[in-house]
Protein chains: 2
Amino acid sequence: MEEVKEFYSVEEKKLARYAKALSHPVRVYICDILSKQACCYSGDLAEEVPIARSTLSQHLKELKNSGLVQGEINPPKIKYCLNKENWAEAQQLFKEFFK
Amino acid sequence: MEEVKEFYSVEEKKLARYAKALSHPVRVYICDILSKQACCYSGDLAEEVPIARSTLSQHLKELKNSGLVQGEINPPKIKYCLNKENWAEAQQLFKEFFK
DNA sequence: CCTTCGTTTCGTAATTTTACGAAATACGAA
DNA sequence: TTCGTATTTCGTAAAATTACGAAACGAAGG
């Protein structure tokens, strides 16, 4: 039972998931910042980026759901950082994909 | 005039565009095939992939619009291949992005 | 306890994506 | 010219994405 036979490979689905997370310029921008300097707070981003804070929050949520980014509670702020493990996985998947 | 001041960089927008093209497993799958073996026909893909031909055609159109794939008319078929130039650009963008 | 700060969730609306089958198109062959 | 093959476009519908402001939330400070 339960033998649905998935057509796409695990790698293909993972890559599509990461690609989806990066399919909006603001999310690429956020990852650029996090990968270059370090972690940062939602409020810091909100001051730079030309979108509403609530919209930014949604994008951060998507990045968290994809696994590329994680948020550490640091009251009263929340510090966002790359999830190094998943970042490395995505890097590897794209590298393999393109070669 | 026309000085709208774009917030995101050209690279960020390009990467987001390529990422969007790869944000669905079937499109990753198609690119996998094209990058591994060679070119192929829509009909060949249609026999493998578990979606309607018209839906497949839409996905191919998106890949064409992104620039990653190109189609050569070869009556009565259409042969799809990677666009090597844009493929290399995407590869480079992702490489830079992840490092 | 009440307020403030930083952030997210809710409610909503417009747009885009994904999917299908039917119809249209393009072209070579009969 | 009519037929058959290969593929795309059209029409449509359901679901997801993107965006905003208002409201809610949790923790620290007065």
Side-chain angles (χ1 to χ4, degrees), chain A residues 4 6-8 12-13 15-31 33-34 38-81 83, chain B residues 4 6-8 12-13 15-31 33-34 38-81 83:
Chain A
V4 183
E6 258 300 341
F7 180 77
Y8 306 108
E12 284 160 352
K13 285 186 287 184
L15 194 138
R17 239 172 84 84
Y18 286 131
K20 192 168 188 177
L22 299 173
S23 69
H24 191 291
V26 75
R27 296 198 290 265
V28 175
Y29 177 85
I30 292 167
C31 288
I33 288 184
L34 295 183
C39 306
C40 66
Y41 299 104
S42 175
D44 302 339
L45 290 169
E47 280 164 25
E48 291 188 63
V49 160
I51 57 175
R53 278 159 198 268
S54 55
T55 307
L56 173 61
S57 193
Q58 275 183 104
H59 286 297
L60 286 168
K61 191 177 176 183
E62 274 191 71
L63 284 172
K64 270 193 288 185
N65 287 342
S66 78
L68 286 177
V69 161
Q70 63 193 111
E72 296 170 18
I73 312 173
N74 196 355
K77 299 181 174 185
I78 295 177
K79 191 165 68 172
Y80 285 98
C81 310
N83 180 314
Chain B
V4 184
E6 258 300 343
F7 181 77
Y8 307 108
E12 283 159 354
K13 285 186 287 184
L15 194 139
R17 240 171 85 83
Y18 287 130
K20 192 169 187 176
L22 299 173
S23 69
H24 191 292
V26 75
R27 296 198 291 265
V28 174
Y29 177 85
I30 292 167
C31 288
I33 287 183
L34 296 183
C39 306
C40 66
Y41 299 104
S42 177
D44 301 339
L45 291 169
E47 280 165 25
E48 292 187 63
V49 160
I51 58 175
R53 277 159 198 267
S54 56
T55 307
L56 173 62
S57 193
Q58 276 183 104
H59 285 297
L60 286 169
K61 191 177 178 183
E62 273 191 71
L63 285 171
K64 271 194 286 184
N65 287 342
S66 78
L68 286 176
V69 161
Q70 63 194 110
E72 295 170 19
I73 312 173
N74 197 356
K77 298 182 174 185
I78 295 178
K79 190 165 70 173
Y80 284 98
C81 309
N83 180 313

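No experiment lies behind these values; they were computed from the predicted model shown. Proteins come first, then strands; the chains are lettered A, B, ... in the order of their sequence lines, and each starts at number 1.
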Results of side chain to side chain contact (heavy atoms under 4.5 Å, CB included) for B/S54 - residues two or more places apart only
B/A52
Tell me, please, which residues at least two apart from A/C39 pass disulfide (SG to SG under 2.5 Å).
A/C81
Over how many whole Å does the gap from B/Y8 atom OH to D/dT18 atom P extend?
11 Å
With sequence neighbours excluded, what pairs up with A/K13 under the salt bridge (Lys or Arg N to Asp or Glu O under 4.0 Å) test?
A/E6
Take the protein atom CG of B/L63 and the nucleotide atom P of D/dT7, then report the distance between them rounded to whole Å.
16 Å
Atom pair CG (B/N83) and CG (B/L34), whose distance is rounded to the nearest 0.5 Å
11.5 Å
Which of these nucleotides, D/dT8, C/dT9, C/dT8, is closest to any side-chain atom of A/K61?
C/dT9
Within the 4.0 Å heavy-atom criterion, would you say B/S42 contacts the bases, only the backbone, or no part of the nucleic acid?
sugar-phosphate
Between protein and nucleotides 16-25 of chain C, map the contacts as a letter string: B base, S sugar-phosphate only, - none, heavy atoms under 4.0 Å, written 5' to 3'.
SSBBBBB---
Selection residues 45-57 of chain A - residue pairs positive for salt bridge (Lys or Arg N to Asp or Glu O under 4.0 Å), sequence neighbours left out
none
Got a sec, which residues hit salt bridge (Lys or Arg N to Asp or Glu O under 4.0 Å) with B/R27, two or more places apart in sequence or on another chain?
B/E62
Residue list, salt bridge (Lys or Arg N to Asp or Glu O under 4.0 Å) with A/K61, at least two apart or on another chain:
none
Please tabulate, for the side chains in residues 66-73 of chain A, all donor-acceptor contacts under 3.5 angstrom to protein atoms that are two or more places apart in sequence or on a different chain.
from  : atom 1 : to    : atom 2 : distance (Å)
A/S66 : OG     : A/L63 : O      : 2.8
A/S66 : OG     : A/L68 : N      : 3.2

Integer-rounded Å distance: D/dT5 P and B/Y41 OH
18 Å
Atom CD1 of B/I78 to atom C1' of C/dG28: distance rounded to whole Å?
15 Å
Give me the bend of the helix from C/dC1-D/dG30 to C/dA30-D/dT1, using the axes of the five pairs at each end, rounded to 10°.
0°
When the distance from NZ of B/K79 to C1' of D/dT8 is rounded to whole Å, what number comes out?
20 Å
